[in-house]
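Quantities reported herein were computed from a predicted structural model and do not represent experimental measurements. Residue numbers start from 1 in every chain, and the chains themselves are labelled A, B, ... in the order their sequence lines are given, proteins ahead of strands. All heavy atoms count here, side chains included; hydrogens, waters and symmetry mates do not.
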There are 2 protein chains.
Amino acid sequence: MFVRITTDPTRRPNSLRDLGMTSCSNPTVSLSEFSYKKGTEIYGEKEAAEYVYQVKTGAVRSYKLLSDGRRQIGAFHLAGDIFGLENGDSHRFTAEAIVDTTVRLIRRQTLELVADIDPVVANNLLNMTTNNLQHAEDHMLLLGRKTSLERVAAFVLEMDQRLTGAGVIALPMSRRDIADYLGLTLETVSRALSRLHELGIIAFLGTTQRQIVLSDRQKLAIIDLQG
Amino acid sequence: MFVRITTDPTRRPNSLRDLGMTSCSNPTVSLSEFSYKKGTEIYGEKEAAEYVYQVKTGAVRSYKLLSDGRRQIGAFHLAGDIFGLENGDSHRFTAEAIVDTTVRLIRRQTLELVADIDPVVANNLLNMTTNNLQHAEDHMLLLGRKTSLERVAAFVLEMDQRLTGAGVIALPMSRRDIADYLGLTLETVSRALSRLHELGIIAFLGTTQRQIVLSDRQKLAIIDLQG
DNA sequence: CGTTAACTTGACCAGTGTCAAGGAACGTGG
DNA sequence: CCACGTTCCTTGACACTGGTCAAGTTAACG
């Protein structure tokens, strides 16, 4: 189940800009790519944080486990998202590819050296961490105080926003993944989606269960009860 | 219920070091103090973030509300803790004094100016944000996947750790505050504490309900089910 | 096309929430 | 220092949301 990086993934000179960084000095740093098959681990919790990652294609889940196997997914990482950025020197989540996924990597050490010199890069690191913090804060409210229907509505809205906002979403993750993200069981997620379907608020595209149309974004937002 | 700062709280030249910052340039910046009565608001959600705060004495709760009044406390801030540090320009939580509280303040702008010049200060800001992120990540696991007894055990352990770790804690917050922090009701918190008491794992000091003795830290840790 | 994994739905159950009552602690003013 | 009112806390009875278990269906994939 483990897929380790065996070849040193340090080819292809490239720019920090590709990781969403802007910099006045804008030095060329080494970037490379790596692919993970569906279901494989990218890094484990408490493992040394050697790289920072950016999803090129695919999707990734970051989660923590309790000793008896209960799982809490802290975030999904979609195309373009950066993940695995740690300030301490080990990862605080396990990261797995949800589907076949290609990521760009940058050595963490490289990034840190640049950040020490370039205040713009340093500021970008702080911004990314702040964005992660804000997401976690909002998610605490969801996990602590929202009902199952509110959680699922919030999830659909979040995914729509992050996947183009076109009102049609193709979810890469299973009902179980959604459940572990929302602090529910997969059955409860399924029932909530059915309920939203009955209410005419969402629809399923074609024959599949993972393509969802937001028929009534307004009602979704009302159910979500934001703030 | 609102207590606004009416006098400009900018007296007493002091050092960044007092806010836990170390710096090579270590410039003198303006610091001042302010006191809040029990139950008063320090700042509101979405309010402009003009100051960063450090608890000198007392305790503070940071929370978000849903429109129907459900509350999620994201963190408690105890003596020495820094809070209200935002990267964006408005606060993401409401902060209230739990008991009569004195805080030190520093203008956010001042801090930012120094951070731009001094990479050590900038790094401290990143460290503080990372610590907040880590706490939020752990709390998501608690809110999403732990039982009521596990949550309360985790809470008692956290408070013990943060209040000296002596095994005797004097809680500043009510059962309702604890409940809103743990994503439970106050009744469930009360029942869980009674249960821990029955099991001989905690005891109550004297006549009060807010002073707790950790009689068996080991069993608490087992119930908490960490990781 | 067959096998397997994922999803839905139903019946039942358990853990937490709700509502209510009573008691303990705390603050206030006499 | 005491009496009173208020707030906080505990406990019980009951309700209900969401979890568990199980069966059947649908979709995905070799």
Cation over ring, R71(A) on Y63(A), under 6.0 Å and within 45°?
yes

Determine the interplanar angle of the Y181(A) and H135(A) rings, folded into 0 to 90°, and report it as parallel if under 30°, tilted if 30 to 60°, perpendicular if over 60°.
parallel

NZ/NE/NH1/NH2 to OD/OE distance under 4.0 Å, R108(A) and E50(A)
no

Between the axis at one end of the helix from dC1(C)-dG30(D) to dG30(C)-dC1(D) and the axis at the other (five pairs apiece), what's the angle to 10 degrees?
50°

Using a 4.0 Å heavy-atom cut-off, write out nucleotides 4-11 of chain C from 5' to 3' as B (base contacted by protein), S (sugar-phosphate only) or - (no contact).
--SSBBBB

Can you tell me which residue pairs pass the salt bridge (Lys or Arg N to Asp or Glu O under 4.0 Å) test with a partner in residues 159-168 of chain A, sequence neighbours excluded?
D81(A)-R162(A), E158(A)-R162(A), D160(A)-R217(A)

Does any part of the side chain of R175(A), heavy atoms only, come nearer than 4.5 Å to the side chain of L193(A), both counted from C-beta?
yes

Could you walk me through whether F34(A) and Y53(A) satisfy the ring pair (Phe, Tyr, Trp, His ring centres under 6.0 Å) test, starting with their C-alpha distance in whole Å, then the side-chain angles of each, then the deciding distance to 0.1 Å, before giving a yes or no?
CA-CA 10 Å; F34(A) 202 80; Y53(A) 304 79; 9.3 Å; no

Got a donor-acceptor contact below 3.5 angstrom from the S194(B) side chain to the S190(B) backbone?
yes

State whether R61(A) and E41(A) are salt-bridged, where the test is any N-O pair (Lys NZ or Arg NE/NH1/NH2 against Asp/Glu carboxylate O) under 4.0 Å.
no

If I take atom CG in residue L171(B) and atom P in nucleotide dA25(C), what distance separates them, rounded to the nearest angstrom?
16 Å

G183(B) near the nucleic acid: base, sugar-phosphate alone, or nothing, with a heavy-atom cut-off under 4.0 Å?
sugar-phosphate

Distance check needed: dT17(D) P versus L184(B) CG, whole Å only.
18 Å

Tell me: CZ of R70(B) to P of dT16(C), nearest whole Å?
18 Å

